[in-house]
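Written out below as structure tokens is the structure these notes cover.
The model shown is predicted, which means the values in this text are computed figures rather than measured ones.
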Amino acid sequence: MKIKKYIAAVIILGGLSYAAYRSFITDILLRFGNTMNTKAVIEERITGKTSYPVLRYKFSYQNQDYIGFASETSGLQVSDTISVVFLESNPSINRPQKEME
């Protein structure tokens, strides 16, 4: 039984760490790191497990495609173009510029 509790604790701690990384640390990296701006195209409206759908966007940097997600409450629609801020050393860390203001 101790092993099951240990595994459950590791899974919970890992999930919380990942959530903290994605929200807090990503914002800090984008605010104080070496960032770039580019345009992205909203490609798809995704209905997920959240309380509201999200919009998936895609942009290219150095011949590589990257994706990100924006809140549908932003008023955007599929095929709209938005400005995106991304970390130059790791473009997969990105946010819509409006969310950074």
Side-chain angles (χ1 to χ4, degrees):
M1 289 309 236
K2 287 185 179 182
I3 292 175
K4 287 182 181 180
K5 288 182 181 180
Y6 177 74
I7 291 172
V10 168
I11 291 171
I12 291 170
L13 183 61
L16 291 173
S17 298
Y18 179 76
Y21 170 77
R22 291 300 294 171
S23 61
F24 302 119
I25 295 174
T26 297
D27 286 343
I28 291 170
L29 289 172
L30 289 172
R31 289 195 192 282
F32 301 109
N34 190 15
T35 60
M36 296 185 70
N37 295 346
T38 191
K39 295 290 184 185
V41 176
I42 304 292
E43 288 193 318
E44 182 179 15
R45 180 178 185 264
I46 301 171
T47 303
K49 295 179 182 178
T50 61
S51 59
Y52 55 87
V54 296
L55 300 167
R56 181 173 57 101
Y57 60 83
K58 182 171 87 172
F59 67 95
S60 295
Y61 177 67
Q62 294 183 344
N63 297 321
Q64 182 80 21
D65 290 337
Y66 297 93
I67 61 168
F69 300 93
S71 166
E72 188 185 49
T73 60
S74 62
L76 298 169
Q77 297 182 8
V78 174
S79 77
D80 284 351
T81 302
I82 61 170
S83 293
V84 175
V85 177
F86 64 91
L87 198 60
E88 186 176 8
S89 62
N90 187 357
S92 63
I93 298 176
N94 60 75
R95 293 265 193 277
Q97 189 164 1
K98 284 190 175 186
E99 289 183 15
M100 296 301 300
E101 295 173 353

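R95 CZ to I82 CD1: the interatomic distance, rounded to the nearest 0.5 Å, is 12.0 Å. With rounding to the nearest 0.5 angstrom, the CG atom of N34 is 11.5 Å from the CG atom of L29.
Minimum heavy-atom separation, I46 to R56: CD1-CB, 3.7 Å. Across Y57 and P96, no two heavy atoms sit closer than the pair OH-CD, 3.5 Å. Here the closest heavy-atom approach between residue I93 and residue T26 is recorded as CG2-CG2, 3.4 Å. Counting all heavy atoms, side chain and backbone alike, V84 lies closest to A40 at CG2-CB, 3.3 Å. For the residue pair V78 and R45, the shortest heavy atom distance occurs at CG2-N, 3.9 Å.
The hydrophobic clustering, which links ILVMFWY residues whose side-chain heavy atoms are closer than 4.5 Å, places V41 and I67 apart. Tracing side-chain contacts under 4.5 Å through hydrophobic residues (I, L, V, M, F, W, Y), one reaches I3 starting from I11; they form part of the same cluster.
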* Passes side-chain contact (heavy atoms from CB on, under 4.5 Å), N94 versus F59? Steps please. -> CA-CA 10 Å; N94 60 75; F59 67 95; 3.6 Å; yes
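You'll find the ring centres of Y61 and F86 inside the 6.0 Å limit.
Using modelled atom types, one side-chain atom of D80 and one backbone atom of Q77 make a donor-acceptor pair closer than 3.5 Å.
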